[in-house]
Amino acid sequence: MFLRAGASGGYATVLLPALVVHGVGNGLSFPSLNIAAVGALPDDRQGLASGLITSGVQVGAGIGVAVLAAVMAVPVSPLDGYRAAFLTAGVFSLVGVFIAYLGLRARAEPPATAPASTRA
């Protein structure tokens, strides 16, 4: 949605809807991430796991800002730089969705059980 920003775009029609969708997405994804990360752990390990997840998110955000700032500096026009950075962020998000899908799909498969003839 941020790709719609241009020299003549207004805040209320271009940026505000994108910021609202971004905020709702963050509000829904971060609690889900933490629940998925610590839900299967014993109570005495959940604090450590939550701290590790939060640290990983913060390090990833710092690296993401650095990469997107470098991408934004490449084009000649500042507007083209913003568009390139937003497009790059979108591509990274789609790659993350794909990786998460593969990881969740592999975890959701039931473990193999022994054949009925060998069960006691």
Side-chain angles (χ1 to χ4, degrees):
M1 290 181 76
F2 284 111
L3 290 174
R4 299 180 311 137
S8 63
Y11 176 80
T13 59
V14 177
L15 291 180
L16 183 60
L19 289 171
V20 168
V21 169
H22 180 75
V24 169
N26 281 341
L28 293 174
S29 65
F30 285 121
S32 302
L33 170 73
N34 282 322
I35 290 169
V38 303
L41 296 175
D43 290 344
D44 63 334
R45 300 284 183 175
Q46 289 184 2
L48 175 63
S50 177
L52 289 172
I53 291 294
T54 302
S55 296
V57 167
Q58 294 300 317
V59 168
I63 292 170
V65 166
V67 168
L68 295 178
V71 168
M72 193 168 65
V74 172
V76 177
S77 163
L79 188 57
D80 289 340
Y82 280 113
R83 286 192 174 137
F86 289 138
L87 189 60
T88 303
V91 168
F92 280 130
S93 295
L94 290 176
V95 169
V97 165
F98 181 70
I99 290 170
Y101 171 75
L102 291 178
L104 292 174
R105 186 170 165 227
R107 193 186 312 173
E109 293 175 2
T113 58
S117 62
T118 60
R119 290 184 193 167

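Residues F92 and V59 share a hydrophobic cluster, clusters being chains of Ile/Leu/Val/Met/Phe/Trp/Tyr side chains in contact below 4.5 Å. Hydrophobic clustering (ILVMFWY, side-chain heavy atoms < 4.5 Å, transitive): L33 and L52 are in distinct clusters.
For the residue pair T88 and A84, the shortest heavy atom distance occurs at OG1-O, 2.7 Å. Nearest approach of A49 to L41, heavy atoms of both residues: CB-CD1, 3.3 Å.
With rounding to the nearest 0.5 angstrom, the CG atom of L68 is 11.5 Å from the CD1 atom of I63.
Scanning for side-chain contact (heavy atoms from CB on, under 4.5 Å) contacts around L16 gives Y11, V20, with sequence neighbours left out.
Sorted by first then second residue, the side chain to side chain donor-acceptor pair (under 3.5 Å) pairs that include residues 50-66, not counting sequence neighbours, number zero. Residue pairs satisfying the side chain to side chain donor-acceptor pair (under 3.5 Å) criterion with at least one member in residues 25-49, sequence neighbours excluded, are listed as follows: H22-N26.
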